[in-house]
Amino acid sequence: MKLIFELGTDGQGTDLLPECDVPKADPGPFARSSAVRLPQVSEVELSRHYAALARRAHGVSDGFYPLGSCTMKYSPKINEELASMREFTGIHPLQPEDSVQGCLEVLARCETMLCEITGMDSMSFQPAAGAHGEFTGLLLIRAYHKSRGDEQRRKIIVPDSAHGTNPASAAMAGYEVVNLPSGPDGCVDLDALKQAADEKTAGLMLTNPNTVGLFDRNILDITKIIHDAGGLCYYDGANMNAIMGIARPGDMGFDIVHLNLHKTFSTPHGGGGPGSGPVGCKASLSRFLPGFLPNPCGSRYSLKRPPNSIGDVKAFYGNFLVVLKAYAYLLELGKEGIPEAARNAVLNANYMMSLLKGHFQAAYDRPCMHEFVITLEQEKKTSGISAADIAKALLDHGIHPPTMYFPLIVQEALMIEPTETEPRETLEEAAKVMNQILDEAQKEPSTIHLQPLHTPVRRLDEVAAARRPIVCYEYPQE
Amino acid sequence: MKLIFELGTDGQGTDLLPECDVPKADPGPFARSSAVRLPQVSEVELSRHYAALARRAHGVSDGFYPLGSCTMKYSPKINEELASMREFTGIHPLQPEDSVQGCLEVLARCETMLCEITGMDSMSFQPAAGAHGEFTGLLLIRAYHKSRGDEQRRKIIVPDSAHGTNPASAAMAGYEVVNLPSGPDGCVDLDALKQAADEKTAGLMLTNPNTVGLFDRNILDITKIIHDAGGLCYYDGANMNAIMGIARPGDMGFDIVHLNLHKTFSTPHGGGGPGSGPVGCKASLSRFLPGFLPNPCGSRYSLKRPPNSIGDVKAFYGNFLVVLKAYAYLLELGKEGIPEAARNAVLNANYMMSLLKGHFQAAYDRPCMHEFVITLEQEKKTSGISAADIAKALLDHGIHPPTMYFPLIVQEALMIEPTETEPRETLEEAAKVMNQILDEAQKEPSTIHLQPLHTPVRRLDEVAAARRPIVCYEYPQE
Amino acid sequence: MGSYVPNTKKEQEEMLRAAGFSSFDRLYDDIPADVRLNRELKLPSGLSEMEVRSSLEETGKKNHVFPHIFRGAGAYRHYIPAFVKSTVSKEAFVTAYTPYQAEISQGLLQSIFEYQTMICSLTGMDVSNASVYDGAAAAAEAVAMCRERKRDTVYVSAAVQPQALSVIRTYCAGNGIKLVLVQEKDGRTDLEALDALPEEAFACFYVQQPNFYGCLEDCSAIARIVHNKGGKLILGCNPISLGILKSPGDYGADIAVGEGQPLGMPLSFGGPYLGFMAARKELMRRLPGRIVGQTADIDGKRGFVLTLQAREQHIRREKASSNICSNQALCAMTAAAYLAVMGARGLARAAESCMAKAHYLQEQLENAGCRRVHQGPYFHEFVTVCPPGLSSPQILKALEKQDFLGGLPLDDSRILWCATEMNTKTEIDQLVQIIKEVAEA
Amino acid sequence: MGSYVPNTKKEQEEMLRAAGFSSFDRLYDDIPADVRLNRELKLPSGLSEMEVRSSLEETGKKNHVFPHIFRGAGAYRHYIPAFVKSTVSKEAFVTAYTPYQAEISQGLLQSIFEYQTMICSLTGMDVSNASVYDGAAAAAEAVAMCRERKRDTVYVSAAVQPQALSVIRTYCAGNGIKLVLVQEKDGRTDLEALDALPEEAFACFYVQQPNFYGCLEDCSAIARIVHNKGGKLILGCNPISLGILKSPGDYGADIAVGEGQPLGMPLSFGGPYLGFMAARKELMRRLPGRIVGQTADIDGKRGFVLTLQAREQHIRREKASSNICSNQALCAMTAAAYLAVMGARGLARAAESCMAKAHYLQEQLENAGCRRVHQGPYFHEFVTVCPPGLSSPQILKALEKQDFLGGLPLDDSRILWCATEMNTKTEIDQLVQIIKEVAEA
C-alpha cells in the first residue's frame, strides 16, 4: 500500500483551527524559511489510510497471541472508557494539589494494592516501562549502598537466562554485570551463585518464575546468599502473572520489584507502548524512590518527594492513564479475581503444553508456570525446520507466533504464554494447528520455508534493511 | 466464520452488574419458565467476533463507494465525537423543557438552516428515514385537502423513474398511484403529465435532479400543471446533494420536501440506519406537521404541537443524535461550503463520466448532475456481460459497486455517484479499474461471471435464500 | 471553512476542462435561470472544527444531565457495557450502507442475522426482521400487517404508551384502518370490554406487557379472547423485562414488538432508538422491513444475504404492504452486542434488579404518603397519587432542585415512577427523604 | 466479580485432569510452602463493571477540570482533532504488541516509519527513532548517546525545563557522566559562560528552543560555540513551535529531542506522553530505541521491519548503550496522525496562534501591572513579576476562583504564563480583568 506521503497533493488537507483573533506576532529571524514538509491529504483519504493500516495490524482482538514473556491477556474495554474520561485526561500535571485529588487517589490506592500483591512497602509509578523500572531499581540499589558508604559494590549478578534488558539496565546504572550460568533445569546454580556473591556484589536481578517458565524452588536460599553477601535482590516482574495472589516477591526475599502493568495488569500494549513499569521496594529503601509520591494527609493527599530520592526518571508522575487502567483492573478482579487469574494462567499453559506433547519437544519436561518453552533443536538438525519456520507458518492461520529464540539458553526456542483470558477452545485449536504444521513440514520440509503465503507481505529481508538502512521516506525530486 | 451462537459454552460470559442491594421482587405466575437462550461467550471472544465481523464489512473508510442515489460522502469524525457527548446522550426525552434547551436549540437552528437550503418555511425532524419522510409528506397532502373539504383527490402522480419507496409510500397513505412514463430523456413528459393531472389529483412526487441524474428543465411548468389542477408538489430529497445552495425545491414550486440527512448532510449510514428524514413544508402546511416543534419564546424554546398536526410518525422528536450530526455539518460548511460541496459533487460526477467514456455507454449522453447512469444493455446482448458482472468484479478491487438495476427505466443500469468528498485520484483509479474490467471481460467473457474471487465469500445463492428461508439460527439438539 | 472537498482549486479547474466545461457555471446549464438561487444562502459562514466543537459544547451546557433518574415512560436509563460502545463505534460498521453487496458485507449481514436470532429467543417468536425505526413505529407496522380485506378494525388497549398509540393512529389514518380503543380498568386492559367486542372485522389487538402504567397484563386470557375472535394478538414488550418474565411466545402472541432502546442505547433525547418486530413463522412473508437470511456461496460456504425482497417496495412498488427500506442497523447491532455481552444471566440480573428496585421504591414512597394508584403486579414502573396537599409539580420541582429527575407527571396528582438497575438503594432513600421533607414543609 | 477468565469451573477441572494434575494446588507444587501466601490478599472484593465505572466516576469528581488554562511548563493544552482520537483508538492498534512479526504488523510498522519521517521533516534531521518515554527521557538518552571515552562531561543550560534537567541528572548519575550547568542570563543561556567552557572532555550541550522561560535562544551562536569545542549540540524543541520557527537542523544541531505531547495528546496528569529523538545520519547507529526501516519481501514487495537491532539490548545485553526496548508506539501514532491531519498549513496556524495569543496576553498583563521579567523574543510562554503588593499565590487563587488555571508560580512573585490556540481573546481579556480587580481590591 501507499505511504501517507504518496497520497494527496499540494494544497489538500482540512482546516481545523480558526483564524487567529489577535494580532500576529512576528518571529523575525527565528522564522523558518520554508514550510515543514508534511502530508497534504484530505480527511477522507487519511481515514482510509489508517483504516488500511489497521487492517494490516494484528492485536489481541484479532486472535490468539501466545507471545511468551509478554502476557498478551485481554484488556477489558471498560478500562479504556474510564481512561478517556475528561476528568482524568483534562488535568494538567502542575495543577494545584487540591484540584487533582482524584488523580492522587488513583495513584495512592493503586500503590497500596500493588504493594499488597508484591509484598513491598512503597512504590513509584514514574518508570514508563519494564526496562525503565529495572534501571530505576538498580539506581535504588546504588543509592542504598552509597548511603551506607559501601561504595565498592560494583557488580550485579544476572543469570544467563535473564531478559536482555537486565544486563543492559545494570550497565546503564554503571554496574559491572556478572553472568550467572543456569543449571540444567534452567534454574539458578546455587554453587555458582555462592561463588559469585561477595563483598563486591551490589545485588542480584532475577525473575521467578524464571524465563523458561519454572519456579525456582531454591528461591529463599538464593536471596539469602545475596543478602548474606551484603547485596540486595531485585525482582524482574515480567513474569508476575503466574503467582499474583499465590506468592509474593517480598516473601521470597526480594527487596525491589518492578511490575509491567501492561503485562500482568492488563493495560493494552498499543503496539509497543505506552506501558508502565512501577518500582516497589521494602520500607528500608522507600526514601530513595524517584518522583513525587502521594501521601495521605487527613482526608486528602499531598505529593511528596522521598527524602533521599534518586531524582526523576521521567517528567511528572509516570504514565498516569496507564496506571488508571491497571487500577480499574485491580478493582474489577479484587482479592478473589487476582489469584484466580494467576491459577488459570498456569492451568492454560500446562494444558496447552500437554496438547503439544508428542509433537513438540518441551525444553524442560515438567509442569510449568504461566508459560513454557519448546525447542526445535532436534527438528532443525534432522529436517531443517526451525523455530522461525513454525512461527512464520502460524501467521497464515491468524495466530500470533510465540516468542522466538528466547531465552538464549534454549536452542531454537519457542516460548508460549497463553494467559488466563484464553478459552479452552482457542488453546485446542492453536495446538491442533501447530501440530499439523509440524506434521506437514516433516512430510515435506521444503514448503514451510516459503510460508507465510497469505499475509499482506511475505518474509521480509531484514539483513538488507540493516545493511542499507532506509529509515525515513525520501520525497521524489521535483 | 462462526456465528456467535457457535462460540463459548454453558456458564461462560462476564458479570457486568452488581448484585441487587434491595430485596428481590417475585414475578410469580409472570415468571418465565426457563432462561432466555443467549450467547454465553467471554468478553475476549466477543471482542474477536466483532473484530472479525468488522473486517468483513466495507465502509466509506475502506474505499471508494459510488453507490448511486445513496450519497456515500465522507462523514467527518468530529460529528461522531460531538454526538457522543453525555450532555446530549444523557438527556431523557421527557425531561422538563428548561433542562433540554440545548437539544431544542439544535433542533430549532437545524430547522432554520435546512429551511433556508430547501426554501421551505418549517420542518419536523420526527421521520427517521427517507421513506418515513415520504409517508409523512403524503399525510400532509392528505390533511391539506381534507382541511379544505376536498376529499375526492385520491391520486398521487409518480414518474416511472421514481424510487420504489414513492409509490409504496403513496399506497401506505391510502392513495392510488398514477404511474407517469418518462420521456426519452428520462424527464417528465409534459403532455402525459397534463393528461394525468385533474381534479382527482392530490399531488405529485418528484425528485429533481431525477433518478437518472438529470435536472428537469421544465420543473416550473411541471409544478404549475399540478398546482393548476389543485394538487400539491412533493419533493423527494434523495438527490439534493447536487443543488444545495444552487437551487431550492421551494423555488421550483414544491410545497413539501423531505431530506435524507444521512445522505446529503453527511451523517453516516451505520449499515442501513439510523437515518433521519425530516419533512419541510411551506407555511400554509406547517400547521399539519407531526410531532412537537421547538418554538422560540423569548430567550428560550418551548415544544409545541402544530394546531392541526397529523399526529406522530415516531415517538418523541426523531433521531436526535443524527440531527445533531447534520447540524454540526451545517455549521462546518456554512454558506460557502454548502454550494461548494454541491458543485464539486456535480464536477466529480461529470469528470468520472468523462473518464468512462469510450468504454461504457452512458444511458443519457449529456452533462449530469451529482450522478449518472451507464447501461450494459449492448454488452449484455453481445457478450453476456451484465451490470451485475461489472459490479461483482469491482469487489475484488476494494471498490464498492455502483447501484445496480436502478432506475428501472434503464436496462442493465449502473448508477454512479462519486460525491464531492472523493479526490480526483480516486476517481481516476476507479475509472481505470472499471475500464480494465470491461476490456478484459470483452476479451474473455467467461471469467467475469466467476468474480469476485477474493472476497470472504463468493457469489451467494439468493434464490435459495428466499425459497427456503433460514432467518434465525437453530441451536443443535442436545 | 471546512468543506471536506479534497480537490484543490487547481485540480477542479483541470477536471472541469477535462470533462468539457468552460466554467463551473456551465455545470449547471440545465438549471433555468429563474429557478436558480441567485444569492448567497442566509447561513453563517463555515466554522473550523475547533469552533464547531466549542459551539456545541456551549449548546450542550444548556442541557441538564440528571445524575439521578426515576423516569421511564418509554425511554429507560440502563447500564451500557463498555464493550457495546466500543464495538458499535467501529468505523466499518458506522460508515457502511445497507448491505446490498453481500460478498463484502458479510460482517453486517451476519450481525443482523445474529440480532434476528436473539430477538426470536427473547420474544419466543420464529422470525424477526432486521429492525424498524422505533417501538412505536414497530407497533404501527404490526397493526398494518394484520389488516385483511374483511378484517379492517384494530383494537388497542387504552393502557399502552401514548406515543405508540399516537403513531398507530397516524398510520391507521393513512391507510384507512379503523382503530378502536379498549378501555382500561385499574391500570389494565378491561378484559370484559375486550371480550365484548364484535368478532366481525376484528383484525388484531395491541397491548403492552408491562403496560404504560407498569402493570402486568393477563396476557394468557387476552390471547384466548383475541384468538377466539379470529384476531391476532400483537404484544408490545419491554425487552429487559423478558430476562425474567414470560415471553410473547409463551402467551401465544402472533406478533411481538417493542422499543429496543433499553438494550444498550443511551437516552439521547429520544433517538436513535430501535423498533424490534418478530412474528410466528406463518406471518413471515407479511413482516415488513429488511430480513437477512442464510444461504451458501458458489463454493458451498455459508453466507448471508438480504432476503424475501419480493415483499419490498423496490420490487412491489405500490403493491408493497410497507414502504420501509432501511432499518436501524447500527442500533440492531447495539442490541445484539448488548444481549451477547450480558448473556442470559446478565439480562436476568438486570430485569430482577429493575423489578426489585421499583418495588423497594414503591414501598418507600408509600411510607412517604405517595400511595400506588393501581392494584396487582407490576414490573419496574408504577403510578402513585400525591399525598393530600401536595401536587405532582411540587414534588417534582423539589426533586429537581436536588438533581433528581422524578417520575413523569401524568396530571396534577399522579406520577409514573420508574426504577432500573442504575438506581441504588441509597439514591432511592434520598429521593424519598426529599419527598418527606417537602411533605413536612 | 469480573475476572475475565472465560473457562467455567467445569472446564477448568477437565483441563486440569487432562494436563495430569489432581487439583489446582498441584499446579503450584514447585512453590515451597514457606514462600506461598497462605492467606487471602488484603484487597477489596472484585467489583462488577458497573460498580467500577461509578467508583471511578466518583474519583474523577475529585479532580477539577479547568475550562481556562494558561499553564504550560512542559505540558500543553492544544486542540486535538477528532480524527486523531478516532484513529488511535482502533482496536488492532491498541491491543497489538511490539511488531516483532513484521508480516502481520505492517500497519504498525508503516505508521512508525511515517512517524519517523515526519519527525525528520519537523526537526530537519536525517533519522528518527520510533520514540522514547517522554521529552525528559529523550534528553537524557541523547546525552548518554554523546558520551565518548574521552568526552564524558555534558553541559546543560540552566534555562531548560526542570523535569528534563532532573531526569538527565538521574541518568548521568547512573552511568557516571559528569554534568555541569551553564548559567542563564536574562532568561537565556549565557553565551559567554558557554564560550568559556573547556574544550577537554566536552561531550555535548543540551539547550531548549524555546527554553523553560519561553525565550528563544540564539541557537546559531550556540551551535558555533559547541561545535568549535568538538562537542555535540542537543536541541530540545517544542514541536508545535517548529510549524513556524527554525528547526534544529536549520541551526546545525546534531540531535533534536522534545516532548511530543503537544502533538495530539491530552494533558492526562502528565502521561502517557511521547519523547521524540532524531539525529544526523552519522549518529544513526548510536541512536537508542526502536527504529523501523524499509525493506522488501521475497516477492520484492515493499515492507517494513524493526531494524538496526544490533544496537539493542536483547542482542548486545550489557554492551548496549541503552536498555530501552519499547517505544510509545500509540503516542507516536497519535503524533503522526496529528501532524498528518493538521498538515504544514495547520501546524503553522497552531504555532502562529500560540505565539500571537501569548504576545497579546503578555501585553494585556503588562497593562495590568504584571511586567515581563526577561527581554527578547519568546514563543508562547513568558515570565512576569507581580505588581507591588501582590503575590503569585494571590493572583493565582483569584484566577482559580473564576475557573482559570493561571500560569505556573516560579516563586512568590514570578509566574510563568502560557497561551495556546485554545485561548480566545475574550478569555484572555477576562483573565486580565480578574487580575486588575485583585490589584484594585
Side-chain angles (χ1 to χ4, degrees), chain B residues 13 20-22 25 35 37-39 50 53-54 56-61 82 87 89-91 93 99 101-103 128-129 131 164 167-169 171 173 177 215 269-274 311-312 315-316 319-320 332 334-335 337 344 346 350-351 354 423 455 457-458 460-461 465 470 472-473, chain C residues 2-3 5-6 15 19 27 30 41 43 45-46 56 59-60 62-65 87 90-92 95-98 103-104 106-108 117 120-121 133 136 163 166 170 174 266 269-272 293-295 297 303 307 313-314 317-318 320 323 326 328-330 340 343-344 353 355 359-360 425:
Chain B
C20 193
D21 58 1
V22 298
R37 191 144 193 186
L38 287 175
Y50 279 96
L53 291 178
R56 290 166 157 244
H58 181 100
V60 172
S61 54
L82 296 170
E87 285 78 3
T89 61
I91 304 300
S99 68
Q101 288 297 310
C103 291
S169 301
V177 175
F215 192 93
H269 292 63
D312 292 289
F316 310 120
N319 283 340
F320 175 74
E332 285 146 21
K335 63 182 170 192
N344 278 282
V346 174
N350 279 287
Y351 185 66
S354 76
T455 44
V457 294
R458 296 179 58 210
L460 289 154
D461 190 344
I470 307 174
C472 178
Y473 175 75
Chain C
S3 76
V5 169
M15 292 164 70
L27 283 174
D30 270 354
L41 287 168
L43 299 181
S45 274
L56 273 157
T59 304
K62 297 177 190 163
N63 288 331
H64 183 70
V65 180
T87 296
K90 286 175 195 285
E91 208 174 16
T95 67
Y97 201 76
T98 301
E103 295 85 353
I104 52 164
Q106 287 299 299
L108 289 163
T117 302
C120 287
S121 296
Y133 308 131
Q163 277 90 355
S166 176
T170 308
F269 197 53
Q294 180 181 318
T295 185
D297 75 357
T307 194
Q313 78 300 323
H314 60 284
R317 298 179 74 87
E318 70 269 24
N323 72 343
S326 59
Q328 301 279 100
L330 205 59
S353 291
M355 192 158 172
H359 283 71
Y360 179 76
K425 177 174 179 299

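Below, chain A is the first sequence line, B the second, and so on; all start at residue 1. Note that these values count all heavy atoms, side chains included, but never hydrogens, waters or copies made by symmetry.
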Check whether [X] reaches the backbone of [Y] with its side chain - one donor and one acceptor, N or O, closer than 3.5 Å.
X	Y	answer
B:Asp21	C:Lys425	yes
C:Asn63	B:Ile91	no
C:Thr295	B:Asp461	yes
C:Ser121	B:Leu38	no
C:Asp297	B:Arg458	yes
C:Thr117	B:Tyr473	yes

| Do B:Asn344 and C:Met15 come close enough that some side-chain heavy atom pair is under 4.5 Å? | no
Between [options], the one whose heavy-atom pairs under 4.5 Å with chain C are most numerous:
options	answer
B:Asn350, B:Thr455, B:Thr89	B:Thr89
B:Gly311, B:Ala57, B:Ala35	B:Ala57
B:Ala173, B:Cys103, B:Cys20, B:Ser169	B:Cys103
B:Gly59, B:Gly272, B:Ala25	B:Gly272
B:Ala131, B:Ala129, B:Ala128, B:Ser354	B:Ala131
B:Gly90, B:Ala465, B:Gly13	B:Ala465

Closest-packed option against chain B by number of heavy-atom pairs under 4.5 Å, given [options]:
options	answer
C:Lys62, C:His64, C:Glu103, C:Gln294	C:Glu103
C:Cys120, C:Ala19, C:Ala329	C:Ala329
C:Leu108, C:Leu330, C:Thr98, C:Thr95	C:Thr95
C:Val5, C:Asp30, C:Thr170	C:Asp30

Relative to chain B, which segment of [X] carries a heavy atom at a distance below 4.5 Å: side chain, backbone, both, or neither?
X	result
C:Thr87	side chain
C:Ala136	side chain
C:Tyr360	side chain

| task | Applying side chain to side chain donor-acceptor pair (under 3.5 Å), name anything that partners B:Glu87, two or more places apart in sequence or on another chain. | result | A:Arg86
| query | Out of curiosity, C:Lys90 NZ to B:Tyr50 OH, how far, rounded to the nearest 0.5 Å? | reply | 10.5 Å
| Atom pair CD/CZ of C:Gln106 and B:Arg56 - distance to nearest 0.5 Å | 6.5 Å
| field | CA sep, side-chain torsions, deciding dist, call: C:Gln328, B:Asn319, side-chain contact (heavy atoms from CB on, under 4.5 Å) | value | CA-CA 10 Å; C:Gln328 301 279 100; B:Asn319 283 340; 3.7 Å; yes
| By a 4.5 Å heavy-atom criterion (distance strictly below it), what part of B:Ser99 contacts chain C: side chain, backbone, both, or neither? | both
| request: Fit a plane to each ring of B:Phe320 and C:Phe269, take the angle between them on a 0 to 90° scale, and name the class: parallel (under 30°), tilted (30 to 60°) or perpendicular (over 60°). | output: perpendicular
